[in-house]
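Here the structure is laid out as structure tokens; the discussion comes afterwards.
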Amino acid sequence: MTKVNLLLYLYGVLIVSLFLYSFTQVDLSLVWTRFELLQTVQQKFQYIGFFQRPISSAIFISISSLLFLFYFAFLYLSKKNKLGVKKIWFAIIFSGLLLSFSYNAFSYDLFNYIFDAKIVTVYHQNPFIHKALDFPQDPMLSFMRWTHRLYPYGPSWLALTVPLSFAGLNFLLPTFFLFKFLMGASFLGSSYLVYKISEKLFQKEKLFNLVFFAFNPLILIEGLVSSHNDMPMIFFTLLAVYLSIQNKHFSSLLSYVFSAGIKYSTIVLLPVALWALYLQKKGKSIDWERVFVYLTVLSLIAALLATIRTTYQPWYLLGAISFAAFVIKKDYIFAPFIILSIFGVLAYVPYVYLTDYNPDYPSVVNLINSGGFALAALATLIFVLYKKRFKLR
């Protein structure tokens, strides 16, 4: 077995560990199955997650640290052209498929997505004007959060999720995994689009760009494990870019509008989209590197705007990471996004150790998030100044 194959094998073991660890966070009010044996296994996992928090935290820190170590190793090997395309895709597909079966360990949002669609399919009501608390008899309320909020997303998200709710026949377990499969498919589709767009625009960096996106621990944890709907949004946004490159402008527009209809945050990308379309219509060349830098910056602005509306969450970075992947060869982008990814995952340590009900939790998480953004800004400043000094020599 070669060193690369051994590395990929160990990475697979690590992904299995993340998959298993996710079930330590199953809500105590949630019963997956009536089978006594499986209930016993579930309770043992929950015992670690809820009643042995120092041990659970140590496990999470170990898994997260190893994910980043493997991430850096794969980035290095892809940069040196020592990773084959087939091996990279095997690891990506394995991660995407297995983590599609994981529990949404660090967020309850997936249950809200399920209930929003359930309001349509089971209760035949409008989720824009009805909330989960309007149906107090529903057993899902016993393990949900944010039951007081109205549907905050766009119609595109309902178009994707209502059919899944119908297919789930009002049974939680199959509906849960149908939603998870949607996230897994979006991850794999987004990875494919990162590769194909890079193949057309940045041929030499196509593997490096793919690895940066698909092996990023924050993408794996937030997009696959916690399963935020940012991942389908990213897929349709990248699809719009890919179709635009192929001069399929109408299809690109439809994909972009559908993306904005999942989460409205992609609306901030409109100025760049219109600028690129204008250049294409005029037959002028497009500096795609500049386009992706602008898209990255606008996605960060969208994250900040969302923070003003509520509180900052690590998954707000997923959109920016997907665009940064195309210009990651630029040090002033690579360094801050590595830092933000590390601190984004680090923010879940107090969640695992303290729980978000602990009075100290908000201040600790705010400190971690603030530290991450401060270091990222400092890294960007240093690299920008270094580049200017280098050019003056």
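The figures that follow rest on heavy atoms only: side chains count, while hydrogens, waters and symmetry mates do not. Index from 1, following the sequence.
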message: Run the side-chain contact (heavy atoms from CB on, under 4.5 Å) test on Tyr108 and Met144 for me, step by step, so that the C-alpha distance in whole Å, both residues' side-chain angles and the decisive distance to 0.1 Å come before the verdict.
response: CA-CA 7 Å; Tyr108 283 73; Met144 286 179 61; 5.7 Å; no
- request: May I have the step-by-step check of side-chain hydrogen bond (donor to acceptor under 3.5 Å, both in side chains) for Ser165 and Thr121, ending in yes or no?
  value: CA-CA 7 Å; Ser165 183; Thr121 59; 2.6 Å; yes
- request: Starting from the C-alpha separation in whole Å, work towards a yes-or-no answer on side-chain contact (heavy atoms from CB on, under 4.5 Å) for Trp89 and Leu210.
  value: CA-CA 9 Å; Trp89 275 113; Leu210 173 62; 3.9 Å; yes
task: Take Phe334 and Phe208, measure what side-chain contact (heavy atoms from CB on, under 4.5 Å) needs, and give me the verdict at the end.
output: CA-CA 11 Å; Phe334 179 81; Phe208 188 68; 4.1 Å; yes
message: One pair to check against side-chain contact (heavy atoms from CB on, under 4.5 Å): Trp157 and Asp116. What are the steps and the verdict?
response: CA-CA 10 Å; Trp157 185 232; Asp116 290 333; 5.6 Å; no
message: Does Tyr316 form a side-chain hydrogen bond (donor to acceptor under 3.5 Å, both in side chains) with Glu222? I'd like the steps, not just the answer.
response: CA-CA 9 Å; Tyr316 293 170; Glu222 297 287 22; over 6 Å; no
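Side-chain N/O atoms of Asn5 and Thr2 include a donor and acceptor closer than 3.5 Å. In the model, Ser259 has a side-chain atom that pairs as donor or acceptor with a side-chain atom of Thr237 under 3.5 Å. Counting only N and O atoms by type, the side chains of Ser341 and Asn216 include a donor and acceptor under 3.5 Å apart. No hydrogens or angles considered: a donor-acceptor pair under 3.5 Å links the side chains of Tyr47 and Gln52. No side-chain donor from either of Asn209 and Lys329 sits under 3.5 Å from a side-chain acceptor of the other. A donor atom on one side chain and an acceptor atom on the other are not found under 3.5 Å apart for Glu205 and Ser198. There is no side-chain donor-acceptor pair under 3.5 Å between Gln42 and Tyr103. Of the N and O atoms on the side chains of Ser56 and Tyr353, not one donor lies less than 3.5 Å from an acceptor on the other residue. Counted by atom type alone, Ser227 and Lys180 present one or more donor-acceptor pairs between their side chains at under 3.5 Å. In this structure, a donor-acceptor pair under 3.5 Å is absent between the side chains of Tyr312 and Asn366. In the model, Ser142 has no side-chain atom that pairs as donor or acceptor with a side-chain atom of Ser29 under 3.5 Å.
Under the 3.5 Å distance criterion, the side-chain polar atoms of Ser252 are matched with a main-chain donor or acceptor of Ala240. Looking at Ser370, its side chain never comes within 3.5 Å of a backbone N or O of Leu367 through a donor-acceptor pair. Of the possible polar contacts, none joining the Thr311 side chain to the Thr307 backbone as a donor-acceptor pair under 3.5 Å is found. Between the Ser100 side chain and the Gly96 main chain, a donor and an acceptor come within less than 3.5 Å of each other. Using modelled atom types, one side-chain atom of Gln280 and one backbone atom of Ser244 make a donor-acceptor pair closer than 3.5 Å. In terms of modelled atom types and a separation under 3.5 Å, the side chain of Ser62 and the main chain of Ala58 share a donor-acceptor contact. Proximity of a side-chain donor or acceptor of Tyr256 to a complementary backbone N or O of Thr266 within less than 3.5 Å is detected. Looking only at distances, a side-chain donor or acceptor of Ser107 sits under 3.5 Å from a matching main-chain atom of Asp109.
Taking both residues in full, the closest heavy atoms of Ile93 and Leu188 are given as CA-CD2, 3.8 Å, listed atom of the first, atom of the second, then distance. Looking at every heavy atom in both residues, Phe236 comes nearest to Ile262 through CD1-CD1, 3.8 Å. Across every non-hydrogen atom of Pro163 and Ala159, the tightest pair is CD-O, 3.2 Å. Residues Leu7 and Phe70 share a closest heavy-atom pair of O-CE2, 3.3 Å. Between Lys131 and Arg149, the shortest heavy-atom contact is CB-O, 3.3 Å. The heavy-atom pair separating Ile339 from Ala379 by the smallest distance is CD1-CB, 3.7 Å.
Residues Ile197 and Leu254 do not share a hydrophobic cluster, clusters being chains of Ile/Leu/Val/Met/Phe/Trp/Tyr side chains in contact below 4.5 Å. Phe171 and Leu141 fall into different hydrophobic clusters, where Ile, Leu, Val, Met, Phe, Trp and Tyr are joined by side-chain heavy atoms under 4.5 Å apart, directly or via other members. Hydrophobic clustering (ILVMFWY, side-chain heavy atoms < 4.5 Å, transitive): Val13 and Leu66 are in one cluster. Ile48 and Phe51 fall into different hydrophobic clusters, where Ile, Leu, Val, Met, Phe, Trp and Tyr side chains are chained together by heavy-atom contacts under 4.5 Å. Clustering ILVMFWY residues whenever any of their side-chain heavy atoms sit less than 4.5 angstrom apart, transitively, puts Tyr351 in the very cluster that holds Ile55.
Results of the ring-ring contact (aromatic ring centres under 6.0 Å, His included) test with Phe215 over Phe68, Phe72, Tyr71, Phe74 single out Phe74 as the only residue that passes. A side-chain contact (heavy atoms from CB on, under 4.5 Å) with Ile114 is found for exactly one of Leu178, Leu164, Thr175, namely Thr175.
Taking the six-membered ring for Trp and thresholds of 30 and 60 degrees, Phe115 and Phe135 have ring planes inclined between 30 and 60 degrees apart. Using cut-offs of 30° and 60° on the angle between ring planes, the pair Trp275 and Tyr294 is tilted. In this structure, Phe292 and Trp288 have tilted ring planes: the angle between them lies in the 30° to 60° band.
Atom CZ of Phe128 has more than 12 heavy atoms from other residues, nucleotides or ligands within 6.0 Å. When the shell of 6.0 Å around OH of Tyr192 is examined, it contains 12 or fewer heavy atoms from other residues, nucleotides or ligands. Residue-environment remark: OH (Tyr123) exceeds the threshold of 12 foreign heavy atoms within 6.0 Å. More than 12 non-hydrogen atoms from other residues, nucleotides or ligands lie less than 6.0 angstrom from CZ of Phe94. In this structure, Gln203 places its CD atom where more than 12 heavy-atom neighbours from other residues, nucleotides or ligands lie under 6.0 Å away. For Trp146, the CH2 atom sits in a loose shell: 12 or fewer heavy atoms of surrounding residues, nucleotides or ligands are nearer than 6.0 Å.
Counting heavy atoms from C-beta outward, Leu201 and Ile245 have side chains that approach closer than 4.5 Å. By the 4.5 Å heavy-atom criterion applied to side chains, Leu218 and Leu317 are counted as neighbours.
Residues Phe213 and Tyr195 keep their aromatic ring centres 6.0 Å or farther apart. The six-membered or imidazole ring of Phe177 lies near that of Phe101, with a centre-to-centre distance under 6.0 Å. Aromatic pair Tyr151/Tyr153: ring centres closer than 6.0 Å. Taking the ring centroids of Phe106 and Phe60, they lie under the 6.0 Å cut-off.
Salt-bridge check for Asp27 with Arg145: failed, with every basic side-chain N at 4.0 Å or more from each acidic carboxylate O.
Other cluster members for Leu38: Phe35, joined by side-chain heavy-atom distances under 4.5 Å among Ile, Leu, Val, Met, Phe, Trp and Tyr.
Atom-to-atom distance recorded for Ile234:CD1 and Ser186:OG is 9.0 Å, nearest 0.5 angstrom.
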